Protein chains: 2
Amino acid sequence: MTEKIIQMLRDRGCKITPQRRAIIQVLASFDKFPTAQEILDHIHQKDPDVGLDTVYRNLNLLISMGVINQISVPGKDLKVFELAHDKHHHHLVCLGCGEANCLNYCPIDDSEIQKSAGPGFKIVGHSLEIYGYCPKCRAAAR
Amino acid sequence: MTEKIIQMLRDRGCKITPQRRAIIQVLASFDKFPTAQEILDHIHQKDPDVGLDTVYRNLNLLISMGVINQISVPGKDLKVFELAHDKHHHHLVCLGCGEANCLNYCPIDDSEIQKSAGPGFKIVGHSLEIYGYCPKCRAAAR
DNA sequence: TTGTATGCAAATTGTTTGCAGTATA
DNA sequence: TATACTGCAAACAATTTGCATACAA
């Protein structure tokens, strides 16, 4: 997985720096979808000299290449990042802790939407996020 | 519509100030969903002394009362506000100009999602936004 | 009169940018 | 060696907050 991305970067004429490797590595191995800050914190355990700006720069690069997606957590001005899957999917987002998980369910029918939207509107995509509380946060609430 | 909201504010012990009336009025009469700044600009035509902070404070108040919703435009760090409808609906968001419109279509089946999410997750709601380009922006693109 | 709301300015948060030095290819 | 990348610090934009004053009830 990480090697495939590294190769894509090479093909694009990008240089492969330790920072870049580290960022991709964290995205591939984190046990949840991390925020930019969480990626940095993790990298700092090995290399405290990496800057948050480098993380953002590379996240933006990876987004522009389409290899990662960002998911926003409502009411928290917070964005988490995930390695792009092959298959279309959506997310379950916890309003308590902000954690996001994949959900393999998509009831969206583009042609149905096109009908409601009218012919002038060019549909590019959609985002569906399910909000609620994860088991951990439900337990903590009482 | 605006009177109903004013009454809700009264019931809550809030004071009815000209600024508050103006904000609600703009939300009720704007021809699209405005950003905080657009609300302010509009109010400034009549009263240039209102502050943007007042707009934000009142939008937050109205959100907490559930009478307005905010819709975020991806990739633009931009939020637009709409008076809450009675009936459940979603939005068509233009990636070009950021304008949002209602879409009376919702294929989401909560019990279906609950099945995929697992029993521990408490579903509170969902957000579905359809992204694309409105007729105006499609025309401008060429 | 009393407390809530406002306006101002400063603070905050998340993110981006300019620049000079550094390191990859 | 040449160019893309990095770290630093400063710049930004959107939103929030502290505080003294003003105004609705």
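In the text below, chain A, chain B and the rest are named by the order of the sequence lines, each starting its count at 1. Just the heavy atoms: all of them, side chains too, but no hydrogens, waters or symmetry mates, feed the values below. For clarity, every value in this text was computed on a predicted model and none was experimentally measured.
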remark   = Rounded to whole Å, the CD-P distance (Gln7(B) to dA25(D)) equals 11 Å
Contact list (N/O, under 3.5 angstrom) for nucleotides 19-21 of chain D vs protein:
none

ask   = Counting just side-chain N and O atoms, does Gln37(B) come under 4.0 Å of either OP1 or OP2 of dA13(D)?
value = no
query = Once you round to the nearest 0.5 Å, how far does CD1 of Ile71(A) lie from CZ of Phe81(A)?
reply = 9.5 Å
inquiry  = Rounding to an integer number of Å, can you tell me how far Leu9(B) CG sits from dA25(D) C1'?
reply    = 14 Å
Please table the atom pairs, donor to acceptor, closer than 3.5 Å between any side-chain atom in residues 22-32 of chain B and protein atoms at least two apart or in another chain.
residue, atom, partner, partner atom, Å
Ser29(B), OG, Gln25(B), O, 2.9
Lys32(B), NZ, Glu38(B), OE2, 3.0

query = When the distance from CG of Asp53(A) to P of dA9(D) is rounded to whole Å, what number comes out?
reply = 11 Å
task = Measure the spacing between CG of Asp49(B) and CD1 of Ile43(B) and express it to the nearest 0.5 Å.
result = 12.0 Å
query = Nearest 0.5 Å, what's the CZ-CD1 distance between Arg21(B) and Ile5(B)?
reply = 12.0 Å
key: First and last nucleotide of DNA chain C, 5' to 3', lying under 4.0 Å from heavy atoms of chain A   = dG14(C) to dA25(C)
task = Write down the distance between CD1 (Ile16(A)) and P (dT3(D)), rounded to a whole number of angstrom.
result = 19 Å
query = Could you give the distance from CZ (Phe121(A)) to CD1 (Ile123(A)), rounded to the nearest 0.5 Å?
reply = 7.0 Å
pair Lys79(B)-Thr35(B): side-chain heavy atoms closer than 4.5 Å = no
ask   = In whole angstroms, how far is the P atom of dG7(D) from the NE2 atom of His44(A)?
value = 8 Å
task = Start with the C-alpha distance between Gln114(B) and Asp110(B), add both sets of side-chain angles, then the distance that settles side-chain hydrogen bond (donor to acceptor under 3.5 Å, both in side chains), and finish with yes or no.
result = CA-CA 6 Å; Gln114(B) 189 71 70; Asp110(B) 272 339; over 6 Å; no
ask   = Distance from Leu40(A) atom CG to Gln19(A) atom CD, nearest 0.5 Å?
value = 11.0 Å
query = Where each residue is assigned the nucleotide of DNA chain C containing its nearest heavy atom, which of Val50(B) and Gly13(B) is assigned the position nearer the 5′ end?
reply = Gly13(B)
Separation of dA25(D) C1' from Arg21(B) CZ (nearest whole Å) = 13 Å
Which atom of Phe33(A) lies closest to which atom of Cys102(A), heavy atoms considered = CZ-SG, 3.8 Å
remark   = Winner on side-chain proximity to Lys15(A), out of dC5(D), dA24(D), dA9(D), is dC5(D)
Please tabulate, for side-chain N and O atoms in residues 10-18 of chain A, each donor-acceptor pair with protein atoms closer than 3.5 Å (sequence neighbours left out).
residue, atom, partner, partner atom, Å
Asp11(A), OD1, Gln7(A), NE2, 3.0
Thr17(A), OG1, Arg20(A), N, 3.2

task = Determine to 10° how strongly the helix from dT1(C)-dA25(D) to dA25(C)-dT1(D) is bent, judged from the axes of its five-pair ends.
result = 30°
query = Rounding to a whole Å, what distance do you find between Asn60(B):CG and dA14(D):P?
reply = 16 Å
Pairs meeting criterion side-chain hydrogen bond (donor to acceptor under 3.5 Å, both in side chains) with involvement of residues 87-105 of chain B, two or more places apart = Glu82(B)-His89(B), Glu82(B)-His91(B), His88(B)-His90(B), His88(B)-His126(B), His89(B)-His91(B), His90(B)-His126(B)
inquiry  = Reading DNA chain D from 5' onward, which residue's closest nucleotide shows up sooner: Arg10(B) or Leu52(B)?
reply    = Leu52(B)
note = Asn58(B) atom CG is separated from dT16(D) atom P, nearest whole Å, by 12 Å
ask   = Taking atom SG of Cys134(A) and atom CZ of Arg138(A), what is their separation to the nearest 0.5 Å?
value = 9.5 Å
